[in-house]
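For the numbers below, each heavy atom of this structure counts, side chains included, while hydrogens, waters and symmetry mates do not. By convention in this document, chain letters (A, B, ...) are assigned in the order of the sequence lines, proteins followed by strands, and residues within each chain are numbered from 1.
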2 protein chains.
Amino acid sequence: MLTFNDNKAGMGGLDKEKITKVIEENTSASYSSFSKKQQSRIDEKVAEIKNRIEKATREEKQKAENSMKNLEIKLEASRDLSRDCVCIDMDAYFAAVEMRDDPKLRTIPMAVGSSAMLSTSNYLARRFGVRAGMPGFISKKLCPELTLVPGNYPKYTKVSRQFSEIFMEYDGDVGMMSLDEAYIDLTEYVANRTEKRIFTRHRYGGDCPCWLPRVPEDEDIENLQFEDSECTKCSKNRRAYFDDVEFGVGREEVVREMRFRVEQLTGLTCSAGIAANFMLAKICSDFNKPNGQFVLENDRNVILEFLEKLPIRKVGGIGRVSEAHLQSMDIRTVGDMLLQKALFPLCFSPLAQESFLRTALGLPGRPSSSDPRRKSISVERTFSPTSDFQMLCDVHLEICQMLEEDIRKAGVIGGKTITLKLKLSSFDVLTRSLTPSDTVSSLEDIQKYSLELLEKEKGKEIRLLGVRLSQLVFEEEKKSKTITDFWNDAKQQKPLSSPEDADEIIMMDTRPCPICGADVENQLEILNRHVDECIQKMTDEESPELICISVETKKKVEKPVVFSKKRKIQEKKPAAKKVATIDSFWKKE
Amino acid sequence: MLTFNDNKAGMGGLDKEKITKVIEENTSASYSSFSKKQQSRIDEKVAEIKNRIEKATREEKQKAENSMKNLEIKLEASRDLSRDCVCIDMDAYFAAVEMRDDPKLRTIPMAVGSSAMLSTSNYLARRFGVRAGMPGFISKKLCPELTLVPGNYPKYTKVSRQFSEIFMEYDGDVGMMSLDEAYIDLTEYVANRTEKRIFTRHRYGGDCPCWLPRVPEDEDIENLQFEDSECTKCSKNRRAYFDDVEFGVGREEVVREMRFRVEQLTGLTCSAGIAANFMLAKICSDFNKPNGQFVLENDRNVILEFLEKLPIRKVGGIGRVSEAHLQSMDIRTVGDMLLQKALFPLCFSPLAQESFLRTALGLPGRPSSSDPRRKSISVERTFSPTSDFQMLCDVHLEICQMLEEDIRKAGVIGGKTITLKLKLSSFDVLTRSLTPSDTVSSLEDIQKYSLELLEKEKGKEIRLLGVRLSQLVFEEEKKSKTITDFWNDAKQQKPLSSPEDADEIIMMDTRPCPICGADVENQLEILNRHVDECIQKMTDEESPELICISVETKKKVEKPVVFSKKRKIQEKKPAAKKVATIDSFWKKE
DNA sequence: CATCAGATG
DNA sequence: TACTCATCTGATG
DNA sequence: ACGCAAAAC
DNA sequence: TACTGTTTTGCGT
Ligand SMILES: Nc1ncnc2c1ncn2[C@H]1C[C@H](O)[C@@H](COP(=O)(O)OP(=O)(O)OP(=O)(O)O)O1
Ligand SMILES: Nc1ncnc2c1ncn2[C@H]1C[C@H](O)[C@@H](COP(=O)(O)OP(=O)(O)OP(=O)(O)O)O1
Ligand SMILES: [Mg+2]
Ligand SMILES: [Mg+2]
Ligand SMILES: [Mg+2]
Ligand SMILES: [Mg+2]
C-alpha cells in the first residue's frame, strides 16, 4: 500500500521500498485495517473513473473536450502575469525553533512530537524517512537515534508573530496561511522600491552556541567588526560579528532581503518561491528548500514548461486521493493534466474540472470568500479507546470547557451549529451536528447540545471526541476590526504578545524592544538577539505543560498523546486586522 | 487473507468474516507481513498451476489422463474393504482434561495455552472462533470471557497411557498417532467377538462435582443403585450411581464399548470413526464430534458418495496450501478431485498425484516405513528477538542441555546429523545442518557442532533457536524392546508412571490399582475413579512449573511463552513396544 | 547432504 | 503481554 | 442542515 | 508506548 509519501522537501532519493516496509511492519493491526479500507475506497473510485472513460460515447467525449476548451479560453483570458507573488515558508519550522533553542539538537536527527505523532522533523531526520504526520514510534524504527522533542505551540506562535511583522513591511496584506507560511504580494513594493538597502548583519561565534546565525567555520573572520559579551543563558562568551549586506531592487533581491531579515530576527531560515501567483509561488517555495528561493518567470511558456514535469502531488490541493484518481488516468505530472484535460468532465465535478484545468495552466485557484474571519472553532482529543459512557462524558466535558475557553479568547460570541466528532476504535470518523433555533454560546449550551448528540452514540467504542462550533457570531464588527480588544488581551499578556502596536514604527530606523523597551540599532533586526533572548526567557518560564486531558476519572482513558497549541496561556485571538488569515488557495474535486 | 480456518470440529456456522477481521485487526504488523509473504508464495504457485494447465498441449493432456487412468486401475485393484478400522480421537483433549480436573472450567469458554499460543480450546470457546494454534491474546479479543489455563503435558501423557491400554485390549497393535488419537484395527477382534459384554456403569451425583461422568439432571434416578462417600478432594458428599450397560458384537457396538470404557476410566469423552481404512476412519472420527461416532460402510459406492461432497481440507495431509492449490483447479470437494484427476500430472509430482488419487478413491495412503522408531529428536524455543550473540549462545546452551536430556530419556545413543533451526524476527525459518564423520552423542558434541552452525549466522535478529538430532542411533534393539530400561526410569517415577507392567493383566476381570495396589471390581473400569483420584493427587503434587527458558543472562531475552511437554519430571521414553507410534498416514504433494 | 515448505496434533 | 513445539514427509539442488 | 471525504500545516 | 489537532472546502442528500 502507499503508506509512505516522500512528497516533502528534503526527502528525495530515499529508499521508499524499504521505508514502506518498515512502516508496514510496525503499523498496528487496527490501523492497517483502516488504511486498507481507505485504499479500497480509492480503488473503487479508480475503477469508476476508468469505467466512465471506457464507456463514454464519442459525443460525450467530444462534448467534454469542447467544454474544457472553452473553459481554457476563458481561464487563459484571466491570466495575470503582472504580479510578484511570494510564498515564504519556514524550514522545518517547529523543529528549527527547537534546534535554535537547544544547540544539542542541531546536529542530530530530531522531530517534534510524541511517540504517537510527529508534527515535523528536521532535515537530518528526513533522510531516514521520518516526516510530519508519522507516528513517533514508527519513526524510531526508521531512525533509532531519532530524538523526539515535545512541541511548544505558544512559542511557535510568538516566533511567527515576530517574523510576520517583517513581511508586513512589504505587503500590508500578508496572508499567514499558517504559523510558518506567508503569502506576500510584492508587486507594489517592488514597483516603488527604487534603491538598494543596506543592513548590518549580525552573526555569532565563540563558545556560546546559543545565538544564530553562526559565522561559518571556513569564513575569513579577520576583517569583521565584533563585540564580545557573555551569554545570559549559557554564561559562555559570545562574539558578535558585524558586517554590511546590501539588497538591490528586483523582486529576487527583495525576497532575499526578507529572508535575511527573518533569519536575523529569529535565527531561523526560510525558503521562498516567487511567481506570478500564489499557487505557483507556493510550489516554488519548496523547490530550493531549505534556506533557498526559486523564481518562476512571469512568462506563460516558462510557467508551462516548469509545470510540464512537475508531479501533480506537488500542487496544493492534490493529495493522496486525488493523486491516485489522476494517476489512474495516466496523469502523473501537471503536463499530463493538460494532455488529458478533455477527460475531466467525464470524471469530475465542474469545480474540480476547473480547478484541475487552472492548475494545468498555472493559474491560481478561483478566489473565494474574502471574509478573513474563521468559520469554525473546535477542540478534539484522542484517548485510549473506550465505550464506557461515563468516561466519554468526562472527556466530553473537558473538551467543551476547552472549547468555551477558546471561543472566549477568539472573540467569538457564539455559533449556530454545534458538531460532535467521534473517531471509533476502528479509526472511522463520524460527525453529528445540530443547529438549535438560538445561537449556542455558553459552556452550558455547548455541553448540553453536544452531549445530546453523544448520547445517541452510546455503546460505540471511541478513540477520539471533538466538539466544533460553526456559523459563528462574532463580537461586533467594529470591535473585531479595531484595536480595543487587543488591549484587553494585551493586559494579561507579556509585552511581546502585542506586537501589533509596532505597526506604526515599522519603517523606522531604530525602535524599542517590545519586551523590555530598550532601544537597539537598525530596524527590526536591531532587537535581533535581544528580543530573542527575551522570548526565550519568557517561554522558558511559561513552560507550557503539554495539554494532556488529565482524565483522573476512572481508569481506562489514560493517555492522550500529542501536544496541542496552547492551554495555559491565552494568545490565540484571530491574527487580527493587520495579518489576515488566508482561507483558500486550493480547489479540487 | 485466509487467516482464519474453521476446519475443526465444533466450529461450524461461525461468522468467518467477522472473526477474520478481528484476527487481522489484532495481528502484529511483523506477523502480518510474514503472512503476506506466505500468501504471495501461494499465489505464485497458483499462477503456475493455472499456467501449466493453460499451456498444456492436447498430447500432454491426453498423456496425463491416461497416466491417471492407469494408476486408478492399479489403485482400485488394491482396494480392501475387509477391514474394520477405527480412529478414536479425544474431544478437546487438553481442555477436557483441565475441565475434568477443575469443575469451574466446565461451563465457561476456556483454552489451554498462554496469551501467546493456544494448544486447544473447549467447545464453548470454539463458538467464538477460538481454536488451537491461535494466539491467546487474539482469542481474548474474540472472546473476552475466555479463561486461559496453562497446559500440563505430563498429565495428558499419563491420561493418554491410561486409555491407550483399553485400546490395546482390542488391537495389540494400536497406533497412537498422538496423545489423543488412536488407530485401532478391529477386524480381528470383531471377528472373534461372539458375545455381548456387560459393564457396570459408574456415574456420579451429589454436591461433589469432581468426578465424571455425572448423571444427567433429567434422568430418572429412582431405580439406580448408589453408594455415598465423601470426596477426598473437595470434601463434599458424592453419590455414585451404578447400573449395567451392555454392548453387542458388531464393530459399532465394540467402538461404543471402547468409548464407554474410556469415559469410565478417564472421565473424558472421545469420538470415533469406523471405516475400511484409517484415512477414512480419521475423517469419520470428526464427523460426530464431540462424544459421537460415525460408521462409513465398507462399500465402494457408499464411500465415494461420502467423499463426493467432503471438503478436501478435511482430508489428512491437505492443509492450507494444498487446499489453495487444488482450489485453483476448481477442486473444493473430494468429488471434485475425481473429476479433475486428469490434471494432476500437469501440476503435481508423481507422489502427490498418487496421493491425491488415493484420496479421491477413498483409499489409504501408501504404506510407509514401518520402523516405529522416531527419526529425529529436537528442542526449540521462542524468545524475544535478539541479535545479541551472547544471549543467543546462552539460549542455545540451554536448548542443547534440554536436548541431551531428552536424548538420554528417549533411549537414543546418538545421531549422525545435527540441525540448527533459526527463526528470524521476521518469522522466516532457516535450518543449518551438519553431518560429522562420527556419531554425535554427548552434550559437548551437540553443543559444539550446533554452535559452529550458529556462529555462521551471527548478526541475524532471531526469535527462535532449535537443535535437532537425526539419523538416530538407538540403544540395542533388544534393550529398547524389553522392559529393562523401563525399570531404570520407573525407579525415579511415581508408581503410576509405569503402567506397562499391567500389560499381562489386561484381559482379566479384576485388577489392582496400579497406584495403591488395591483391588477394585470389573476390569480396567473398576479402578475407574480410584485411579483417577490417585492420578489427580499425583499430578496435583507434581505441578510442573511451565517450562520457560529462564534466561537470566542479560536483559532483553525475557519471556518465552507456551508450555512444552515436560522438563522437570522424566516420563517420556518411547511409547515402547506395546503401544507403537504411528509414523505416516498422510501422503501429499 | 542440506535446505525449505507443508502438514499434523 | 505479544503468533508454539515436536515430528514427519517430500521436493529440490 | 447534515454527514462525509479530502486537504493543508 | 501505541497513527494528532485545527480549519477549510466541496460533494451528495
Ligand atoms: N501533519 C501535521 N500535523 C501537525 N502539525 C503539522 C503537520 N504538518 C506540519 N505541521 C506543523 C509543523 C511544521 O513545522 C509546521 C509547518 O509545516 P510545513 O511548512 O509543511 O513543514 P516544515 O516547516 O516543518 O518543513 P518544510 O517547510 O521545511 O518542509 O506545521
Ligand atoms: N496447533 C497445535 N499446537 C500445539 N498443540 C496442539 C495443536 N493442535 C492440537 N494440539 C494438542 C492439544 C489438543 O488437545 C491435542 C489433540 O489435538 P486434536 O485432536 O486435533 O484436538 P482436540 O482433541 O483438542 O479437539 P477435537 O479433537 O475435539 O477437535 O493436541
Ligand atoms: Mg515550513
Ligand atoms: Mg508551511
Ligand atoms: Mg482430539
Ligand atoms: Mg487428535
Side-chain angles (χ1 to χ4, degrees), chain A residues 27-28 31 34 41 93 113-120 132-138 177-181 316-322 349 351-352 368 374-382 417 419 427 429-433 435 464 466 559 561-565 583-584 586-589, chain B residues 27-28 31 34 41 93 113-120 132-138 177-181 316-322 349 351-352 368 374-382 417 419 427 429-435 464 466 468 559 561-565 583-584 586-589:
Chain A
T27 290
S28 80
Y31 195 80
F34 171 71
R41 260 221 325 279
Y93 185 47
S114 70
S115 76
M117 183 49 58
L118 306 184
S119 290
T120 195
M134 182 178 277
F137 72 96
I138 291 181
M177 177 68 191
S178 68
L179 291 186
D180 94 316
E181 209 165 319
I318 298 182
R320 193 174 47 87
V321 176
S322 303
S349 73
L351 234 89
S368 72
R374 66 157 82 232
K375 291 171 188 52
S376 72
I377 182 165
S378 64
V379 172
E380 67 186 48
R381 288 293 179 275
T382 293
T417 301
T419 303
F427 290 91
V429 174
L430 314 176
T431 61
R432 297 289 176 256
S433 71
T435 307
L464 170 145
K559 23 87 215 236
V561 203
V562 177
F563 76 102
S564 174
K565 46 178 188 268
D583 11 40
S584 79
W586 305 273
K587 304 274 114 94
K588 67 242 126 177
E589 342 174 21
Chain B
T27 291
S28 79
Y31 194 81
F34 171 72
R41 260 223 321 281
Y93 186 47
S114 69
S115 75
M117 183 48 58
L118 306 184
S119 290
T120 195
M134 180 178 278
F137 73 95
I138 291 181
M177 177 67 192
S178 67
L179 289 186
D180 94 317
E181 208 165 319
I318 298 183
R320 194 172 48 88
V321 176
S322 303
S349 73
L351 234 88
S368 73
R374 66 158 80 235
K375 290 174 187 50
S376 72
I377 184 166
S378 64
V379 171
E380 67 187 45
R381 288 291 178 276
T382 293
T417 301
T419 304
F427 290 92
V429 174
L430 313 176
T431 61
R432 296 291 176 254
S433 71
L434 179 65
T435 307
L464 170 146
R468 160 153 60 256
K559 26 73 209 253
V561 204
V562 177
F563 77 101
S564 174
K565 46 181 191 265
D583 11 40
S584 80
W586 304 275
K587 304 273 113 98
K588 70 243 119 180
E589 341 176 21

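The side chain of A:Arg320 contributes no N or O atom lying less than 4.0 Å from OP1 or OP2 of E:dA5. For B:Thr419 and C:dT3, the shortest distance from a side-chain N or O to OP1 or OP2 is not below 4.0 Å. For C:dG6, neither phosphate oxygen OP1 nor OP2 lies less than 4.0 angstrom from any side-chain nitrogen or oxygen of B:Ser322. In terms of phosphate contacts, B:Ser378 brings no side-chain nitrogen or oxygen within less than 4.0 Å of OP1 or OP2 of D:dA6. For the OP1/OP2 pair of E:dA8 and a distance below 4.0 Å, the side-chain nitrogens and oxygens of A:Ser178 include no atom meeting the criterion. Taking 4.0 angstrom as the limit, B:Thr431 places a side-chain polar atom (N or O) nearer than this to OP1 or OP2 of C:dC4. Of the side-chain N and O atoms in B:Thr27, none sit less than 4.0 angstrom from OP1 or OP2 of D:dC3. At F:dT6, one or more side-chain N or O atoms of A:Arg381 fall inside 4.0 Å of OP1 or OP2 (strictly under the cut-off). Using a 4.0 Å cut-off, no side-chain N or O of A:Thr382 falls inside it from OP1 or OP2 of F:dC3. At least one side-chain nitrogen or oxygen of A:Arg41 sits closer than 4.0 Å to the OP1 or OP2 atom of E:dA5. Between D:dT4 and B:Ser114, no contact under 4.0 Å exists linking OP1 or OP2 to a side-chain N or O. An OP1 or OP2 oxygen of D:dT1 is reached within less than 4.0 angstrom by no side-chain nitrogen or oxygen of B:Ser115.
Here the P atom of nucleotide F:dC3 and the CZ atom of A:Phe34 are 13 Å apart, to the nearest Å. One atom, CE of A:Met134, and another, P of E:dC9, lie 17 Å apart when rounded to the nearest Å. Distance A:Leu179 CG to F:dT4 P: 20 Å, rounded to the nearest Å. Atom CE of B:Met117 and atom P of D:dA6 are 14 Å apart (whole Å). Between the CD1 atom of A:Ile318 and the C1' atom of E:dA7 there is a distance of 11 Å, rounded to whole Å. Protein atom NZ of A:Lys375 is 20 Å distant from nucleotide atom P of E:dA7, rounded to whole Å. Atom-to-atom, CG of B:Leu430 to P of C:dA5 comes out at 9 Å; the value is rounded to the nearest Å. The separation between A:Arg374 atom CZ and F:dT9 atom P is 13 Å, rounded to whole Å.
For the residue pair A:Ala132 and A:Ser119, the shortest heavy atom distance occurs at CB-O, 3.0 Å. Here the closest heavy-atom approach between residue A:Leu118 and residue A:Gly136 is recorded as CD2-CA, 3.8 Å.
By the ring-ring contact (aromatic ring centres under 6.0 Å, His included) test, B:Phe427 pairs with B:Tyr31, B:Phe34, sequence neighbours left out. Shown here are the salt bridge (charged side-chain N to carboxylate O under 4.0 Å, His left out) partners of B:Arg468, two or more places apart in sequence or in another chain: there are none.
Of the candidate nucleotides F:dT6, E:dA6, D:dG10, E:dA6 has the atom nearest to the side chain of A:Val321. Out of D:dT7, D:dC3, F:dT4, the shortest distance to the side chain of B:Ile377 is found at D:dT7. Which of C:dG9, D:dC3, F:dG5 sits closest to the side chain of A:Glu380 comes down to F:dG5.
Residue-level contact check: A:Ile138 touches the bases, meaning some heavy atom is under 4.0 Å from a base atom. Residue B:Arg468 is in base contact, counting any heavy-atom pair closer than 4.0 Å across all strands shown.
Both A:Ser376 and A:Phe427 sit near DNA chain F, but only A:Phe427 has its closest nucleotide nearer the 5' end.
A distance of 10.5 Å separates CG of B:Leu464 from CG of B:Leu430, quoted to the nearest 0.5 Å.
Side chain A:Ser119 to base E:dC9: no donor-acceptor pair is found below 3.5 Å.
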